[in-house]
Amino acid sequence: MSENNVDNGANAPKARNFVYELVEKDVMEGKNGKRVHTRFPPEPNGYLHIGHAKAIIVDFGTAEKFGGKCNLRFDDTNPVKEDVEYVDSIQEDIRWLGFDWEDRLYYASDFFEQLYEFAVRLIKQGKAYIDDQPAELISQQRGTPTRPGTESPYRSRSIEENLDLFARMRKGEFPNGARVLRAKVDMASPNMHMRDPLMYRILHQAHHRTGNEWCIYPMYDYAHGQCDYFEGITHSLCTLEFEVHRPLYEWFVEQLSESDYRPRQIEFSRLNLTYTMMSKRNLLSLVQENLVSGWDDPRMPTLSGMRRRGYTPTGIRSFVEKMGVTKTKGMVDLAMLEHAVREDLNKKASRVMGVIDPLKVVITNYPEGQVEMVSAVNNHEDESAGRRDVPFTRELYIEREDFMEDAPKKFFRLAPGVEVRLKYAYYATCTDVIKNDQGEIVELHCTYDPATKGGNSPDGRKVKGTLHWVSATESLEVEVRLYDRLFNVEDPSSEKDRDFREMLNPDSLEIRSKCYIEPSVKNAKPLDAFQFERLGYFNVDKDSSGEKMVFNRTASLRDNWGKKMG
RNA sequence: UGACCCAUGGUGUAAUUGGCAACACGUCUGGUUUUGGUCCAGAAGAGUUUAGGUUCGAGCCCUAAUGGGUCAACCA
């Protein structure tokens with residue numbers, strides 16, 4: 001049986017990764033000395049989210065696949081948007097996903113001097129010039145996608161003058177916006193990006209790493225490809241919206257490369273997930289307006305949020321692999337991510353008994369004050385996880401929804417006169433239902449069968465239901481937080497003209513402050529994962545303090561008793 | 001009067017490179033089960049955007065059309 005499973009797993013068609021296909025071809029053709037070297041180039045202007053996880057897995061995963069390397073490079077060419085605050089969280093999140101850039105941590109700003117020298121070289125070759133015109137004029141002259149641009153009057157400026165002006169730009173002689181350096185490409189190109197793109201702008205602004213050393217900063221199109229070149233990158237993997245930039249990327253590399261070595265840009269589609277907001281701007285608003293507790297709120301699609309929620313690196317990586325890497329834009333069902341996470345957690349999470357909506361049960365024929373240990377399985381998927389002891393007492397809590405006074409035929413759990421199994425303990429039968437003045441059920445009385453210890457009856461009689469339970473006197477009172485999707489529309493990112501606040505799911509967080517859990521978890525560490533029997537996957541919150549533990553629900557279990565009853 | 005990219009069940013991907021469309025998620029049945037979980041067995045669901053062409057044969061190749069997307073930041 002297990003052999004078949006292994007075979008099926010190995011032969012199961014994997015989702016396509018067309019980046020692998022292209023890289024493999026390059027290696028086989030012997031390009032760049034058969035090297036494979038990629039990079040993950042985040043701009044340090046926000047927290048990483050699940051969309052970045054795909055990029056990280058593609059970048060580092062491609063290197064891993066071909067025995068190459070992957071650098072981490074902070075694309076910090078715009079000091080007005082960037083901050084050190086994000087540099088640390090980004091590194092933490094990449095490491096958490098299980099990737100290592102070793103000693104290859106770079107900043108685009110590391111290359112500012114080289115970038116400047118290359119720019120000078122381009123000017124000397126007559127391929128770049130200083131334009132004195134204001135932004136609006138340059139923009140006008142650029143034309144439109146359907147109408148060619150017109151050349152700047154400064155385009156034919158002499159090399160000497162360009163050199164002089166560029167040096168003075170660097171010295172800080174001009175105010176912001178006074179001049180720019182542009183590449184001399186082709187103002188009539190059908191590709192807007194080739195119409196003499198800007199290479200440098202003046203920005204009198206302190207940079208988070210270079211301080212006030214520079215007042216001119218390179219633009220993305222110029223800097224990115226050259227940094228790839230300096231770092232020896234062979235495959236520059238990015239998302240689809242950079243497709244039209246590729247000719248320019250290649251143009252710059254062509255001007256500057258002095259050997260056969262050429263980095264190559266390959267674009268793949270970015271991740272879109274149902275019910276998930278990926279817009280950095282809106283995520284920032286959620287945080288700033290306190291609509292969530294922070295970037296690591298367990299409902300956030302950020303990696304820090306998912307980590308806190310209990311999603312695992314393995315689950316996330318498996319999700320990306322199931323999804324594949326292609327150029328087709330689509331919308332992946334959130335259920336696929338949840339499945340990948342559950343699949344991983346099912347193997348790893350310790351089983352534990354907890355009650356999140358307690359209803360008291362008194363076992364009337366069980367001795368008062370007696371505490372008896374029953375043996376429970378830690379992980380049904382992993383024998384080596386062993387067993388633990390759980391205290392059983394006269395007063396217990398069960399899940400309120402596990403009892404129905406007028407039970408329909410397919411309700412397998414507790415009802416008056418019905419016998420069920422208290423998991424790992426005894427068979428018990430409900431004898432009395434105690435109500436308050438309002439007619440609400442406040443307590444149940446049951447009797448137990450001492451002969452069924454461990455959960456099996458010597459006479460072989462069967463019960464239909466098995467309930468999880470917890471001792472009312474020997475358990476820990478904890479807080480449990482239940483999460484649901486943050487947005488209630490399928491594609492919140494696409495509804496651009498709608499305020500994202502209107503799309504928030506009002507029931508995305510439910511706090512249950514009086515929950516009970518078996519005492520075995522009291523030494524659990526933050527982020528430890530558990531599967532509460534019959535309830536779902538939970539983890540210990542990262543900020544859970546000693547006095548009262550806090551649990552987050554990572555995911556519910558697939559539970560369809562409601563359907564079966566109907 | 002533009003350039004570039006994309007197009008297969010509800011969703012994401014396959015299809016030995018031209019040979020009667022497969023896998024995963026989701027949905028639904030049934031079985032096992034000391035978790036209505038897991039696991040196992042099974043079902044429904046697309047004839048591949050359209051129209052031509054090449055071919056004995058096309059989801060794969062060619063042409064055109066249609067639909068969708070990206071590009072006109074001194075952002076990345």
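No experiment lies behind these values; they were computed from the predicted model shown. Lettering follows sequence order; numbering is per chain, from 1.
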When you compare B/rG9 with B/rU48, how far apart are their C1' atoms, in angstrom units rounded to a whole number?
10 Å

Residue of the set A/Asp228, A/Thr38, A/Asp59 for which side chain to side chain donor-acceptor pair (under 3.5 Å) holds with A/Ser236
A/Asp228

Counting only distance, no hydrogens or angles, is the base of B/rU35 paired donor-acceptor with the side chain of A/Arg351 under 3.5 Å?
yes

With a 4.0 Å cut-off on heavy atoms, is A/Glu381 in touch with a base, just the backbone sugar-phosphate, or nothing at all?
base

At 4.0 Å (heavy atoms only), tell me whether A/His245 reaches a base, stays on the sugar-phosphate, or touches nothing.
base

May I ask you to say whether A/Glu243 pairs ionically with A/Lys327, meaning some side-chain N is under 4.0 Å from a carboxylate O?
yes

Should the pair A/Phe538 and A/Phe532 be assigned to parallel (<30°), tilted (30 to 60°) or perpendicular (>60°) ring geometry?
parallel

Could you state the atom-to-atom distance from NE2 of A/His468 to P of B/rU38 in whole Å?
17 Å

When all nucleic acid strands are considered with a 4.0 Å heavy-atom cut-off, which category describes A/Met323: base, sugar-phosphate, or nothing?
sugar-phosphate

Would you please classify the geometry between the A/His380 ring and the A/Tyr424 ring as parallel, tilted or perpendicular, with 30° and 60° separating the classes?
parallel

For A/Phe242, answer base if it contacts any base atom (sugar-phosphate contacts may also be present), sugar-phosphate if it contacts only those atoms, and nothing otherwise; contact means non-hydrogen atoms under 4.0 Å.
base

How would you label the contact of A/Arg421 with the nucleic acid (heavy atoms, under 4.0 Å): base, sugar-phosphate, or nothing?
base

Does atom CD (A/Glu383) have a neighbourhood of more than 12 heavy atoms from anything else shown, all under 6.0 Å?
no

Please classify the nucleic acid contact of A/Gly455 as base, sugar-phosphate, or nothing, using heavy-atom distances under 4.0 Å.
base

With a non-hydrogen cut-off below 4.0 angstrom, is A/Arg413 in contact with a base, only sugar-phosphate, or nothing?
base

Could you tell me whether A/Leu240 contacts a base, only the sugar-phosphate backbone, or nothing, with contacts defined as non-hydrogen atoms closer than 4.0 Å?
nothing

Can you check whether any acceptor in the base of B/rG36 is under 3.5 Å from a donor in the side chain of A/Arg534, or vice versa?
no

Step by step, would you call A/His224 with A/Arg39 a side-chain hydrogen bond (donor to acceptor under 3.5 Å, both in side chains)?
CA-CA 11 Å; A/His224 199 91; A/Arg39 98 274 91 111; 2.7 Å; yes

With heavy atoms under 4.0 Å as the rule, sort A/Thr326 into base, sugar-phosphate or nothing.
sugar-phosphate

Between A/Leu198 and A/Phe411, the residue closer to the 5' end of RNA chain B by nearest nucleotide is A/Phe411

Specify whether A/Phe252 and A/Tyr222 have parallel, tilted or perpendicular ring planes, treating 30° as the upper limit for parallel and 60° as the lower limit for perpendicular.
perpendicular

What nucleic acid atoms does A/Gln531 come within less than 4.0 Å of, heavy atoms only: base, sugar-phosphate, or nothing?
base

Parallel, tilted or perpendicular: rings of A/His245 and A/His193 (30°, 60°):
tilted

Give one of base, sugar-phosphate or nothing for A/Asp75, where a contact means two heavy atoms less than 4.0 Å apart.
sugar-phosphate

Please, what dot-bracket string fits RNA chain B when only Watson-Crick and G-U pairs with both distances under 3.5 Å count, crossing ones use [ ] and pairs to another strand use |?
.((((((..((((.....[..)))).(((((.......))))).....(((((..]....))))))))))).....

Across the strands shown, which category fits A/Pro134 at heavy-atom distances under 4.0 angstrom: base, sugar-phosphate, nothing?
base

Base, sugar-phosphate alone, or nothing: which one does A/Glu343 contact when heavy atoms must sit under 4.0 Å apart?
nothing

Does A/Glu43 reach a base, just sugar-phosphate, or nothing at all? Heavy atoms under 4.0 Å.
sugar-phosphate

